[in-house]
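Quick notes on the structure that follows.
Since this is a predicted model, take the numbers as computed values, not measurements. Chain identifiers are assigned alphabetically (A, B, ...) following the order of the sequence lines, protein sequences preceding nucleic acid strands; residue numbering begins at 1 within each chain. What's counted below: heavy atoms across the whole structure, side chains too, no hydrogens, waters or symmetry copies.
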Amino acid sequence: MLPEDFYTRKHVVQIAKDLLGKVLVTDFEEGRTSGIIVETEAYAGVGDKASHAYGGRRTTRTETMYSRGGVAYVYLCYGIHHLFNVVTNVQDIPHAILVRAIEPLEGIDIMLARRNKEKLTPQLTAGPGAMSQALGISTGHTGLALNTHIFIEDRGIKVRKTDIVSGTRVGVAYALEDAYLPYRFWIKGNPYVSRGKGL
DNA sequence: CAGCAGATTGACT
DNA sequence: GTCAATCTGCTGC
């Protein structure tokens with residue numbers, strides 16, 4: 001399991017890259033489900049127009065982002081989808097990383113049941129809403145420390161620097177010039193990446 | 001308090 | 001390719 005000081009570092013963009021190849025695990029009543037993180041996006045706090053915490057905004061929803069690194073920030077998008085983020089940096093610095101896609105490892109039958117699907121295809125976990133549903137993550141888990149039912153492990157999977165690709169974040173056109181920041185990272189060629197399919 | 005847009009997905013034309 | 005689903009929070013009356 002990743003130590004707390006993995007999350008409390010100051011450079012959210014670096015942590016977003018470091019998360020690629022790590023294994024996101026959930027362990028709820030139905031059993032253990034997990035997958036390799038293949039796509040992330042960094043949201044760099046009060047100065048980032050794409051972030052919910054831009055300008056120091058604090059609401060019921062965003063309050064969790066101000067926690068110290070190493071807890072989950074889960075919020076509802078479009079009233080339907082539960083999006084899972086990893087909070088980073090120290091208390092009161094609202095950095096977070098959206099985990100957009102995983103490559104399924106364990107508990108694939110459980111994930112298929114949660115998604116109401118029969119066959120394993122990239123659609124099972126490619127995309128932040130789909131991934132959270134497969135892992136059983138919901139807004140009720142926001143604020144939970146990543147050391148109990150939801151956690152991230154380093155299983156020694158090596159991702160070469162040359163296999164990490166960056167691009168603009170998805171769905172943040174409203175962020176004006178910040179929409180062009182290369183804060184989205186994914187593993188080149190991995191079929192479980194939500195868009196671009198590993199270009 | 002009404003209206004609108006959003007870090008999305010899946011069903012349908 | 002188009003569009004509805006439906007909660008949070010911002011804007012403006």
Side-chain angles (χ1 to χ4, degrees), chain A residues 7 12-13 15-17 19-20 24 35 37-67 69 71-89 93-104 111-144 146 150 152 165-187 191-197:
Chain A
Y7 302 105
V12 65
V13 171
I15 303 171
K17 286 187 272 190
L19 281 175
L20 296 175
L24 176 59
I37 296 171
V38 298
E39 183 182 0
T40 61
E41 284 181 3
Y43 285 83
V46 300
D48 181 354
K49 290 182 180 174
S51 171
H52 294 157
Y54 175 62
R57 184 166 50 199
R58 281 183 113 113
T59 65
T60 310
R61 178 176 72 156
T62 64
E63 190 58 33
T64 302
M65 291 183 86
Y66 291 83
S67 307
V71 307
Y73 167 49
V74 187
Y75 80 96
L76 203 58
C77 186
Y78 294 102
I80 301 174
H81 305 290
H82 302 256
L83 270 54
F84 170 78
N85 298 247
V86 175
V87 175
T88 70
N89 214 309
I93 305 291
H95 287 183
I97 297 162
L98 173 68
V99 180
R100 293 187 54 88
I102 59 171
E103 177 181 332
M111 293 195 275
L112 287 169
R114 283 175 178 149
R115 297 266 296 130
N116 199 23
K117 292 186 177 300
E118 297 193 344
K119 291 195 303 185
L120 174 59
T121 67
Q123 283 193 322
L124 183 66
T125 55
M131 183 202 78
S132 296
Q133 187 182 16
L135 290 172
I137 294 172
S138 69
T139 54
H141 304 297
T142 200
L144 193 65
L146 298 174
I150 306 173
I152 300 174
V165 195
S166 67
T168 56
R169 293 171 290 186
V170 175
V172 295
Y174 61 88
L176 304 176
E177 72 273 16
D178 287 345
Y180 298 102
L181 293 169
Y183 281 3
R184 174 175 173 243
F185 303 97
W186 66 95
I187 296 178
Y192 290 90
V193 171
S194 71
R195 275 177 49 178
K197 300 298 174 197

Please answer whether the main-chain N or O of [Y] pairs with a side-chain N or O of [X] as donor and acceptor at a distance below 3.5 Å.
| X | Y | value |
| --- | --- | --- |
| A/Thr40 | A/Ala16 | yes |
| A/Thr62 | A/Met65 | no |
| A/Thr139 | A/Leu76 | no |
| A/Arg115 | A/Gln133 | no |

message: Counting Watson-Crick and G-U wobble pairs with both distances under 3.5 Å, what is the dot-bracket string for DNA chain C, 5' to 3', using [ ] for crossing pairs and | for pairs to another strand?
response: |||||.||||||.

- prompt: Is any side-chain N or O of A/Arg115 closer than 4.0 Å to OP1 or OP2 of B/dT9?
  reply: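 A/Arg115 to B/dT9 OP1/OP2: no side-chain N or O under 4.0 Å.
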
Touch class at under 4.0 angstrom, heavy-atom based, for [X] against every strand present:
| X | value |
| --- | --- |
| A/Ala50 | base |
| A/Thr139 | nothing |
| A/Arg169 | nothing |

Separation of B/dA5 C1' from A/Tyr78 OH (nearest whole Å):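 Spelled out: OH on A/Tyr78 to C1' on B/dA5 is 8 Å.
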
query: How long is the line joining CG of A/Leu98 and C1' of B/dT8, in whole Å?
result: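 In whole Å, B/dT8 C1' lies 11 Å from A/Leu98 CG.
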
query: Got a second to check how far A/Met111's CE is from A/Leu135's CG, nearest 0.5 Å?
result: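 Reported value, rounded in 0.5 Å steps: 6.0 Å.
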
message: Let me confirm one number: the CZ-CZ distance from A/Phe84 to A/Arg100, rounded to the nearest 0.5 Å.
response: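 With rounding to 0.5 Å, CZ (A/Phe84) is 14.5 Å from CZ (A/Arg100).
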
P-based separation of B/dA5 from C/dC13 [nearest Å]: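 One P to the other, the span is 16 Å.
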
task: Rounded to whole angstrom, note down the P distance from B/dT13 over to C/dA5.
output: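 These two P atoms come out 15 Å apart once rounded.
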
